[in-house]
Engineer: 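Here's a structure for you.
Computed from a prediction, not measured in an experiment: that's the story for all the values here.
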Amino acid sequence: MNRQRNKNSTQDLAGKIAVVTGGSTGLGFQSTLELSERGAHVVIACRSFEKGEAAITRVSQHVPNASLEVIPLNLTSHKSIHQFAKAFHNSHSRLDILLNNAGVVNLKELAHTAEGWEMHFATNHLGHFLLTGLLFETLVATPDARVVTVSSGAYKAAKMHFDDLHWQKRPYARIGSYGESKLANLLFMFALQRRFEAAGVSAKSMSAHPGLAATERQQSIGIGGWLSRVIARPVEFGVRPQMMAATEPGLVACSILGPRFGLWGRPTPAKLSGQAVDVSIQEKLWAISEELTGFQYPKSNSAA
């Protein structure tokens with residue numbers, strides 16, 4: 001394992017509580033490791049308790065005093081998300097970092113959840129929307145909390161189709177479906193920040209994208225898999241933007257950090273365009289997400 005990455009990992013996170021969705025593999029595991037190295041207590045939120053325990057064993061080999069726990073989470077299941085939030089609240093009264101990292105990528109076949117939601121949109125956006133909402137009161141009660149929602153450069157070629165979010169009318173396109181879910185992540189980031197500001201708290205909503213990282217998932221799926229096997233950077237590099245978004249002091253709210261040159265380079269704030277910065281689109285997605293999940297965030301004056 002490359003220990004070089006930690007030369008700039010100077011923030012002391014002792015006493016901080018972090019939740020990492022998908023924290024047992026890929027970028028999520030690397031985030032779990034690096035947050036543990038800095039002293040945070042990390043809650044690994046993943047589908048399999050056994051995989052979470054295996055991740056704890058791996059982290060402990062490098063950080064013997066790591067403070068870790070596993071709470072199972074299936075982002076496509078309302079019941080699982082509610083159970084996760086209840087379990088978290090039973091043990092913790094603060095949440096300093098919520099790293100919405102988990103996701104599915106370029107699924108070859110069109111798939112829907114039990115609710116009829118398209119799988120990219122359900123996992124990458126709606127699941128994290130509901131999870132963040134259930135943890136919202138704890139986040140606003142924690143000084144300087146951060147929510148980091150991991151997106152992708154794929155958003156640039158995407159457009160929200162509010163009349164067909166679940167691909168019931170259009171011919172399925174896996175890259176297009178993935179891109180829409182990543183656009184939804186950015187729309188959510190902006191709208192969430194308005195809720196924090198309306199609540200008068202110091203919490204910040206951020207985003208990050210890894211460029212092209214050699215994760216297990218990226219190396220095994222579709223065109224991303226082919227490219228990953230040839231040109232992707234190691235996970236230790238891919239994780240840097242989301243780690244910076246989660247921990248770097250002085251970043252302004254709604255920063256989105258990614259590799260300077262798109263796929264490579266040091267983490268740099270990215271400039272967004274298109275629907276991602278359209279407040280009316282952000283709020284429309286928010287309203288639809290509340291309707292679909294059956295969960296309303298605390299009311300505020302933030303709606304456009």
Side-chain angles (χ1 to χ4, degrees), residues 1-75 80-102 128 131-132 134-150 202-204 206 208 210 215 235-236 238-249 251:
M1 181 170 293
N2 183 3
R3 313 303 293 175
Q4 184 73 18
R5 69 183 184 283
N6 293 309
K7 283 190 173 182
N8 296 321
S9 301
T10 57
Q11 294 87 354
D12 182 3
L13 301 179
K16 306 292 187 182
I17 307 294
V19 169
V20 181
T21 68
S24 63
T25 59
L27 295 169
F29 172 79
Q30 194 67 29
S31 298
T32 296
L33 173 61
E34 296 194 19
L35 289 167
S36 297
E37 287 176 327
R38 302 186 198 187
H41 174 80
V42 183
V43 178
I44 300 173
C46 61
R47 287 190 178 216
S48 166
F49 184 82
E50 290 73 21
K51 288 184 178 180
E53 287 291 306
I56 288 178
T57 299
R58 291 173 62 198
V59 171
S60 298
Q61 292 172 353
H62 301 281
V63 190
N65 296 321
S67 181
L68 298 157
E69 66 177 301
V70 180
I71 302 179
L73 174 67
N74 178 353
L75 287 166
S80 177
I81 297 169
H82 280 272
Q83 288 176 336
F84 175 93
K86 181 178 180 180
F88 179 85
H89 288 137
N90 284 342
S91 301
H92 305 288
S93 60
R94 65 182 296 136
L95 178 53
D96 299 272
I97 299 169
L98 172 57
L99 183 48
N100 289 329
N101 161 84
H128 283 124
L131 175 66
T132 306
L134 292 171
L135 300 175
F136 185 83
E137 291 186 359
T138 303
L139 287 162
V140 299
T142 304
D144 301 319
R146 289 200 186 179
V147 177
V148 180
T149 303
V150 178
S202 56
K204 291 180 180 179
M206 319 286 272
T215 64
V235 173
E236 291 85 355
V239 79
R240 288 177 177 177
Q242 61 198 61
M243 287 300 299
M244 181 177 288
T247 65
E248 186 71 15
L251 288 177

Engineer: Would you please test V63 and L68 for side-chain contact (heavy atoms from CB on, under 4.5 Å) and show each step?
Structural biologist: CA-CA 11 Å; V63 190; L68 298 157; over 6 Å; no

Engineer: What orientation do F88 and F84 show, parallel under 30°, tilted 30 to 60°, or perpendicular over 60°?
Structural biologist: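 The arrangement is parallel - the two ring planes meet at less than 30°.
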
Engineer: Between S202 (side chain) and D144 (backbone), is there a donor-acceptor pair under 3.5 Å?
Structural biologist: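 Here the side-chain-to-backbone pair exists.
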
Engineer: Indicate the atoms forming the closest heavy-atom contact of S24 with C46, along with that distance.
Structural biologist: OG-CB, 3.7 Å

Engineer: side-chain contact (heavy atoms from CB on, under 4.5 Å) with L99: which of V150, T21, T149, V19?
Structural biologist: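 Only one of V150, T21, T149, V19 forms a side-chain contact (heavy atoms from CB on, under 4.5 Å) with L99, namely V150.
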
Engineer: Search all heavy atoms of L27 against all heavy atoms of G238 and return the closest pair with its distance.
Structural biologist: CD2-C, 3.6 Å

Engineer: As an exercise, state the distance from CG of L98 to CG of L131, rounded to the nearest 0.5 Å.
Structural biologist: 5.5 Å

Engineer: Determine whether the side chains of N101 and S31 contain a donor N or O and an acceptor N or O closer than 3.5 Å.
Structural biologist: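 Side chains of N101 and S31: no pair found under 3.5 Å.
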
Engineer: State, to 0.1 Å, how close D12 and A14 come at their nearest heavy-atom pair, and which atoms those are.
Structural biologist: OD1-N, 3.0 Å

Engineer: Quick check against the 3.5 Å criterion: does R146 have a side-chain atom that pairs as donor or acceptor with the backbone of E248?
Structural biologist: yes

Engineer: Main chain of R38, side chain of K16: is a donor-acceptor contact present, judged purely on distance under 3.5 Å?
Structural biologist: no

Engineer: Between T57 and Q61, does a side-chain contact (heavy atoms from CB on, under 4.5 Å) hold up when you go through it step by step?
Structural biologist: CA-CA 6 Å; T57 299; Q61 292 172 353; 4.2 Å; yes

Engineer: Does a side-chain heavy-atom distance below 4.5 Å link T247 with E34?
Structural biologist: no

Engineer: Can you give me every donor-acceptor pair (side chain of residues 135-143, partner residue at least two apart or in another chain, under 3.5 Å) with its distance?
Structural biologist:
{"from": "T138", "atom 1": "OG1", "to": "H89", "atom 2": "NE2", "distance (Å)": "3.0"}
{"from": "T142", "atom 1": "OG1", "to": "L95", "atom 2": "N", "distance (Å)": "3.0"}
{"from": "T142", "atom 1": "OG1", "to": "T138", "atom 2": "O", "distance (Å)": "2.8"}

Engineer: Between CE of M243 and CD1 of I97, what distance do you get to the nearest 0.5 Å?
Structural biologist: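 It comes to 7.0 Å.
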
Engineer: Do H82 and K86 come close enough that some side-chain heavy atom pair is under 4.5 Å?
Structural biologist: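 A side-chain contact under 4.5 Å is absent here.
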
Engineer: Which heavy-atom pair separates H128 from L75 by the least distance, and what is that distance?
Structural biologist: NE2-CD1, 3.4 Å

Engineer: With rounding to the nearest 0.5 Å, note down the distance linking CD in E37 to CG in N65.
Structural biologist: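 These two atoms lie 12.5 Å from each other.
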
Engineer: Hey, does the side chain of N74 reach the backbone of R47 with a donor-acceptor pair shorter than 3.5 angstrom?
Structural biologist: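 No, the answer is negative, given that no donor and acceptor are paired below the 3.5 Å cut-off.
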
Engineer: In the structure I gave you, are the side-chain heavy atoms of V59 and I44 within less than 4.5 Å of one another anywhere?
Structural biologist: no

Engineer: What's the shortest heavy-atom distance between A245 and L251, and which atoms?
Structural biologist: CA-CD1, 4.0 Å

Engineer: Can you tell me how far the CD1 atom of I56 sits from the CZ atom of F29, to the nearest 0.5 Å?
Structural biologist: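 I56 atom CD1 to F29 atom CZ measures 10.5 Å (nearest 0.5 Å).
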
Engineer: I need the minimum non-hydrogen distance between A102 and G22, along with the two atoms involved.
Structural biologist: CB-N, 3.6 Å

Engineer: If you measure from CD on E53 to CZ on R58, what distance do you get to the nearest 0.5 Å?
Structural biologist: 14.0 Å

Engineer: If you round to the nearest 0.5 Å, how far is OG of S67 from CG of L13?
Structural biologist: 12.0 Å

